[in-house]
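Below, chain A is the first sequence line, B the second, and so on; all start at residue 1.
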Amino acid sequence: MQARLKQSFGFSFVFHIFIAVVFFVSLSDSLMNIPPASSAQEIQDNKEIVNAVAISENDLSQEIRAQQAADAAAKAKAASEAKQLAAAKAQALAQIQQAKQEQAALALKQQADAKKAADQLAQLQTQQKQAALQLAETQAQTAAAAKKAADAQQKALAAQKAADAKRAAQQQQAVTAQKAAATAATNTQMQNEINRYVGLITQAIQAQWTQLPGVDQQKLATTMLIRLAADGTVLQVQNVGSSGNPALDRLALTAVYKASPLPVPTDPALFASFRELKVQFSDN
Amino acid sequence: MKKYSVWTLITTLMIFFSSSALAALDIQITRGVVRAIPIAIVPFDENNPNSPNDISRIVANDLSHSGQFQVMPQSNLPQKPHDADAVSADLWKTLGLDDLVIGSSVPTGNGQTKVDMTLLDLFHSNQSTPTVLMRQSYTVADSQTRALAHHISDIIYEKLTGEKGVFSTRLAYVKVTPLPNNPRHKVYALMVSDVDGHNAKPLLTSTQPIMSPDWSPDGKQIVYVSFETKLPQIFTSDVATGQRRLISSFPGINGAPSFSPDGRSLAVALSMGKTNPNIYTIDLGSGRLNQLTNDASINTEPSWAPDGQSILFTSDRGGAPQIYSIDLASKQTQRMTYLGSYNASATYLAGNPTKISLLHRDDRGFNVAIYDLQSGTMQILTQGGYLESPSPAPNGRMIVYSTNVGGRRMLGMVSSNGQVNIRLPEVSGDAQAPAWSPY
């Protein structure tokens, strides 16, 4: 409160100084402007004076009186003018003040207007935004709904498909299982037969494999690849893994040829497995 | 383009073969039949079928004595072909034979004989013609036909078993015969013979005992104990020239010499004037002695480890004779045998650093055995009960020994698996202390 008072006090002080300065300037102007005119008059007068040397005293006094009256009139006129000036000044001041007030008011108004406009704009924007949001929401809702619908449809379709596939698979499975069971039975039977002949061949070769007395055949392994004829006759023996001892390799080779013909299945389908044998000799 | 197609072909073939190899059914053969290889030796010279010098006979004996071959008796042979082309594999196969040896021995007139030998494999293919495994031709002086026969045995043995044969090695032994005019006195002879006992020749004779012969590693020297001065002394004799060298004549016992694997020193048992012997080494170059054992028990029969770093010996320090081993560098002694109340005359078996041959006594008497140092198992090979001086062959497959037959000492041989046990041809008098030569 005090600060504000101080401020307005300072403001009026400056303002009065300003007014005083303005007043002085305008006054000095009017003072300055006047003399040239009077000087010219004076020169004229002086001329006249020079010219009027022969003028009568009467004229002179008249002149002085006139001069005096003129002076008074001028004085009055100056006072009046000062008065008018002051008034004008005051009026101007008032006008300025008024203008200022008006200006301030206008600014305020403008400000208010601007704010109002801004508010309006903001409101408008908000409204627009809301509208947009609403629109978007609506659109989203619409899309979601559409999607949901599509999904549901697809799901239904997929479920249908899955159900179909499952049914098909089950059918297929049943068929496969039946087939597998049949195959397994056949396979088992075949495998049993194969195993039986593998055992017979193993026995046949073992019976012919000479292990030399006292010769350490441990850690010695020989692998032979054997080709058989359909009647089990050994057609060819290939050493595919030497023991490193040619004599022991030869004993293995001899065992294979001595065991020929090897017992093999007569069923061509089964014999197919026996066309080639990989025989590993290892003592352990 | 051509290159491309070649590579394609190779790749295709590789894929084909690899897949066909994978497709092959697997057969695992994990045990066979322990047996000798059935073989027939067809006589080389039909004009002298019973000649002891007939090469086929010598080869047949050698192979059958090894324990690794079952030789068909000549009387069972269905044919006596000399030419491989005349051999029908099928005929011989049906007799259960694996291999066939054919050949010829023809005197060339100038004291020489031409010998041809062919080794046939009957099961090398599925063909009815046998496969020639080996074919050799020789011309030798008539006096060398036995040696040639042993050589042929060696190459057949090696071809078919994968191991070096020992048929060209020799035996040293001591033959003791009564003096013809004074049967109460005896003649001692240091003998050297072929491994089948034939071709025996004395290297040294003496009216005083000769004992403990041992071969140098190069087979050129024999070291032995001679009592020719009535006191035991250790000598070496050059096998070719008979030149002798006195090695050890210390007070008391000078016994059981054994050549080191490098041939530069001997291990001996010396009593040095005391009642019991200890083990020493003698440097043959400098004569320097190195005492290894030093106690009051009987320490004798030193025998080197194949690496020359330690020596096996027999000692009764534990109360009864057992086998010990002493490390030459540290002189640390380790007892090797615990089974039985008597183990002596130990020698490492060639080719197997964990096995030793020895003389073992149990309730069946003194027999030759093989002791496995790793597993601690004792395999008794003989049943005679009166055996002495086992000495293994350089391939470790057979052990020669002396045994008591009807009050006389004879030499015998047993295969290291105990399957084949034969007696060497009778000599006049006693044969004892055999030592098998190196290769």
Side-chain angles (χ1 to χ4, degrees), chain A residues 194 197-199 201-217 220-227 229 233-238 240 243-262 272-284, chain B residues 17 19-39 66-70 89 93 96-99 121-127 131 133 156-163 349 351-352 354-355 370 379 381 395-399 414-420:
Chain A
I194 287 172
Y197 278 101
V198 164
I201 289 171
T202 304
Q203 280 174 15
I205 297 174
Q206 277 182 347
Q208 300 299 341
W209 188 30
T210 298
Q211 289 182 292
L212 293 175
V215 174
D216 228 353
Q217 272 156 296
L220 289 178
T222 307
T223 307
M224 302 279 180
L225 200 60
I226 299 173
R227 282 205 309 114
T233 300
V234 176
L235 296 175
Q236 198 181 23
V237 184
Q238 188 192 352
V240 292
S243 68
N245 183 332
L248 297 182
D249 286 353
R250 210 187 59 83
L251 287 171
L253 182 80
T254 300
V256 172
Y257 277 122
K258 273 183 106 169
S260 175
L262 290 166
S273 302
F274 291 85
R275 207 173 290 281
E276 278 206 342
L277 303 178
K278 197 167 138 195
V279 185
Q280 190 181 33
F281 295 82
S282 61
D283 186 11
N284 41 26
Chain B
F17 279 113
S19 60
S20 68
L22 282 172
L25 207 56
D26 275 311
I27 310 271
Q28 300 286 327
I29 308 293
T30 53
R31 71 193 138 85
V33 181
V34 176
R35 65 178 156 216
I37 296 171
I39 192 170
S66 72
Q68 310 285 42
F69 291 90
Q70 190 199 336
K93 278 180 187 176
L97 295 167
D98 284 9
D99 305 283
D121 185 346
L122 301 172
F123 288 99
H124 207 76
S125 73
N126 64 337
Q127 304 299 308
T131 303
L133 283 186
I156 291 170
Y157 183 93
E158 186 161 1
K159 189 74 180 177
L160 297 184
T161 69
E163 291 189 342
L349 276 189
N352 197 330
T354 69
K355 286 183 176 174
I370 289 177
Q379 187 191 2
L381 304 178
N395 65 357
R397 291 282 163 234
M398 294 164 84
I399 299 164
V414 65
S415 59
S416 56
N417 63 345
Q419 297 268 317
V420 175

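- Judged as a side-chain contact (heavy atoms from CB on, under 4.5 Å), and not counting sequence neighbours, the contacts of A:Ala229 are A:Asp231, A:Thr233, A:Leu235.
- Most heavy-atom pairs under 4.5 Å with chain A, from the set B:Lys159, B:Arg31, B:Gln28: that is B:Arg31.
- Under the rule for a side-chain contact (heavy atoms from CB on, under 4.5 Å), the partners of A:Ile194 that lie at least two apart in sequence or sit in another chain are A:Gln191, A:Val198, A:Leu270, A:Ser273, A:Phe274, B:Leu25.
- Within the 4.5 angstrom heavy-atom criterion, only backbone atoms of A:Ala207 (N, CA, C, O) approach chain B.
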Exercise for the section: Might you work through the side-chain contact (heavy atoms from CB on, under 4.5 Å) test for A:Thr222 and A:Leu253, ending with a clear yes or no? Expected result: CA-CA 9 Å; A:Thr222 307; A:Leu253 182 80; over 6 Å; no
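- When all heavy atoms of B:Thr131 and B:His124 are compared, the pair lying nearest together is OG1-CB, 3.2 Å.
- Across B:Ser66, B:Gly162, B:Ser125, the residue that shares the most heavy-atom pairs under 4.5 angstrom with chain A is B:Ser125.
- For a residue to count as touching a neighbouring chain, one of its non-hydrogen atoms must lie under 4.5 Å from one of that chain's; by this rule B:Leu122 does not touch chain A.
- Scanning both residues, A:Ala221 and A:Gln280, for their nearest heavy atoms gives CB-NE2, 4.2 Å.
- If you measure heavy-atom distances from A:Thr254 to chain B, the contacts under 4.5 Å come from both the backbone and the side chain.
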